[in-house]
Q: 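I'd like to ask some things about the structure below.
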2 protein chains.
Amino acid sequence: MSAANTGVTSLASAALPMPVPAEEYDSCPVTDVVRLMSDKWSMVVLVLLGRRSHRFNELHRSIDGISQRMLTRTLRGLGSSGLVLRQVRPTVPPSVEYGLTPLGESLLEPLSGLAEWAVRNWPEIAAARNRVPTS
Amino acid sequence: MSAANTGVTSLASAALPMPVPAEEYDSCPVTDVVRLMSDKWSMVVLVLLGRRSHRFNELHRSIDGISQRMLTRTLRGLGSSGLVLRQVRPTVPPSVEYGLTPLGESLLEPLSGLAEWAVRNWPEIAAARNRVPTS
DNA sequence: CGGGATCCCCACCGATACTG
DNA sequence: CAGTATCGGTGGGGATCCCG
């Protein structure tokens with residue numbers, strides 16, 4: 001295991017089980033969870049589904065700027081990680097309902113802590129970025 | 001403003017000031033902060049610097065697999081967001097010390113909440129991912 | 001010691017068109 | 001309604017070599 005993993009994992013002082021094929025393994029749970037939400041749309045979907053379940057086109061209308069393709073990929077990604085549940089109902093025309101799993105709901109809590117920090121410290125970050133380096 | 005921004009920002013129930021050039025504006029503080037750490041190396045650097053300040057090659061040796069180029073880019077990125085401080089000391093040979101700013105240190109707290117969640121729920125996420133879909 | 005310059009690959013993402 | 005298929009732009013990231 002690398003020093004990188006040791007460092008990050010120790011944030012929560014825990015070791016991770018490694019069902020790894022004897023190859024190099026350069027991931028850690030924390031990094032993985034952060035990357036889970038770091039794509040352009042996952043967090044928005046997570047938050048919307050945190051309020052209530054939505055149907056596909058309902059999400060599509062609620063999220064400004066997302067394409068059908070990206071909504072599908074986002075939902076599939078969150079689904080394959082066990083955060084989002086997809087329920088197909090055999091109606092005509094077909095109807096698909098998306099909602100959070102208990103795992104998905106439980107993520108919203110630590111996430112809100114980070115969100116609070118983000119909103120509170122956003123001005124300072126923006127200010128730092130606007131200080132253009134000595135270009 | 002889009003429904004997307006409304007949704008994510010409301011995680012912390014706050015509105016963001018928008019000094020935006022009347023164009024489309026598809027970012028929110030929370031997303032931005034998550035993306036800040038979602039690249040391959042930023043979190044590792046953040047955690048290592050959270051323990052103590054490091055010199056460049058000290059970090060380079062501590063982080064397994066990182067290249068000089070990526071270490072430079074990561075430190076520059078965190079620096080331009082105001083999370084990492086770079087101190088050049090006029091010695092011979094030159095010596096550069098990196099450490100966290102107060103802003104950077106304050107981030108570690110909400111981050112550890114997320115880290116705890118990640119480690120605790122990692123098995124469930126991994127299990128969900130290993131359930132190969134009906135291919 | 002602490003970088004910068006260059007090349008190249010690949011995942012992310014948008015746009016568009018088509019379908020059971 | 002709820003997707004899939006395809007194309008192409010863009011930026012992250014690795015490898016390698018060079019510099020004050």
Side-chain angles (χ1 to χ4, degrees), chain A residues 2 4 23-24 26-27 31-32 34-45 49 53-81 84-99 133-135, chain B residues 2 4 23-27 31-32 34-45 48-49 53-81 84-99 133-135:
Chain A
S2 68
E23 305 270 339
E24 288 187 49
D26 63 350
S27 186
T31 301
D32 238 53
V34 169
R35 296 186 87 114
L36 192 69
M37 312 175 302
S38 67
D39 61 73
K40 194 168 180 179
W41 306 107
S42 286
M43 287 203 28
V44 193
V45 170
L49 294 185
S53 291
H54 285 70
R55 295 183 51 180
F56 185 87
N57 277 337
E58 200 175 6
L59 284 172
H60 193 203
R61 281 187 298 272
S62 295
I63 304 177
D64 191 71
I66 198 172
S67 64
Q68 286 189 329
R69 176 178 181 259
M70 287 317 297
L71 181 54
T72 301
R73 289 174 64 107
T74 302
L75 289 167
R76 290 275 196 275
L78 294 173
S80 74
S81 297
V84 160
L85 190 66
R86 176 190 143 111
Q87 294 165 292
V88 186
R89 290 186 306 195
T91 59
V92 174
S95 151
V96 182
E97 189 97 9
Y98 291 93
T134 60
S135 65
Chain B
S2 69
E23 304 271 341
E24 289 188 47
Y25 193 71
D26 62 349
S27 186
T31 302
D32 239 52
V34 170
R35 295 184 88 112
L36 191 70
M37 313 175 302
S38 67
D39 60 72
K40 192 168 181 181
W41 305 108
S42 285
M43 287 204 26
V44 193
V45 170
L48 285 180
L49 294 185
S53 290
H54 285 70
R55 296 184 52 181
F56 185 87
N57 278 336
E58 199 175 6
L59 283 172
H60 193 203
R61 280 187 299 272
S62 295
I63 304 176
D64 191 72
I66 197 174
S67 65
Q68 285 189 330
R69 176 179 181 257
M70 287 317 296
L71 181 53
T72 301
R73 289 173 64 112
T74 302
L75 289 167
R76 290 277 197 273
L78 295 173
S80 75
S81 296
V84 160
L85 191 65
R86 175 189 142 111
Q87 294 165 291
V88 186
R89 290 185 307 194
T91 60
V92 174
S95 152
V96 183
E97 189 98 9
Y98 292 93
T134 60
S135 65

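In what follows, chains carry the letters A, B, and so on, assigned in the order in which the sequence lines appear, proteins first and then strands, with residues in each chain numbered from 1.
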Q: Can you tell me how far P of dG12(D) sits from CZ of R76(B), to the nearest Å?
A: 16 Å

Q: Nearest heavy atom decides the nucleotide; on that basis, is L75(A) or I66(B) closer to the 5' end of DNA chain D?
A: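 Its nearest nucleotide lies further toward 5', so the answer is L75(A).
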
Q: From CZ of R73(A) over to C1' of dA2(D), roughly how many Å is that when rounded to an integer?
A: 17 Å

Q: Give R89(B) one of three labels, base, sugar-phosphate or nothing, depending on what nucleic acid heavy atoms sit under 4.0 Å from its own.
A: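 Nothing, no nucleic acid heavy atom in range.
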
Q: Between dG3(C), dA2(D), dG14(D), spot the one nearest the side chain of R69(B), thanks.
A: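 Of the candidates, dG14(D) comes closest.
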
Q: Which one, dA2(D), dT4(D), dG2(C), comes nearest to the side chain of R55(A)?
A: dA2(D)

Q: Have a look at S95(A) and say if it touches a base, only the backbone sugar-phosphate, or nothing, with a 4.0 Å heavy-atom cut-off.
A: sugar-phosphate

Q: Can you check the E58(A) CD to dA2(D) P distance for me, whole Å?
A: 9 Å

Q: For K40(B) and dC9(C), what is the distance between atoms NZ and P respectively, to the nearest whole Å?
A: 18 Å

Q: Can you give me the bend angle of the helix from dC1(C)-dG20(D) to dG20(C)-dC1(D)? Use the axis through the first five pairs and the one through the last five, nearest 10 degrees.
A: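 Rounded value for the end-axis angle: 50°.
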
Q: How many Å lie between CE on M70(A) and P on dA5(D), as a whole number?
A: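 It works out to 16 Å between those atoms.
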
Q: Rounded to whole Å, please give me the gap between CD in Q68(A) and C1' in dT4(D).
A: 10 Å

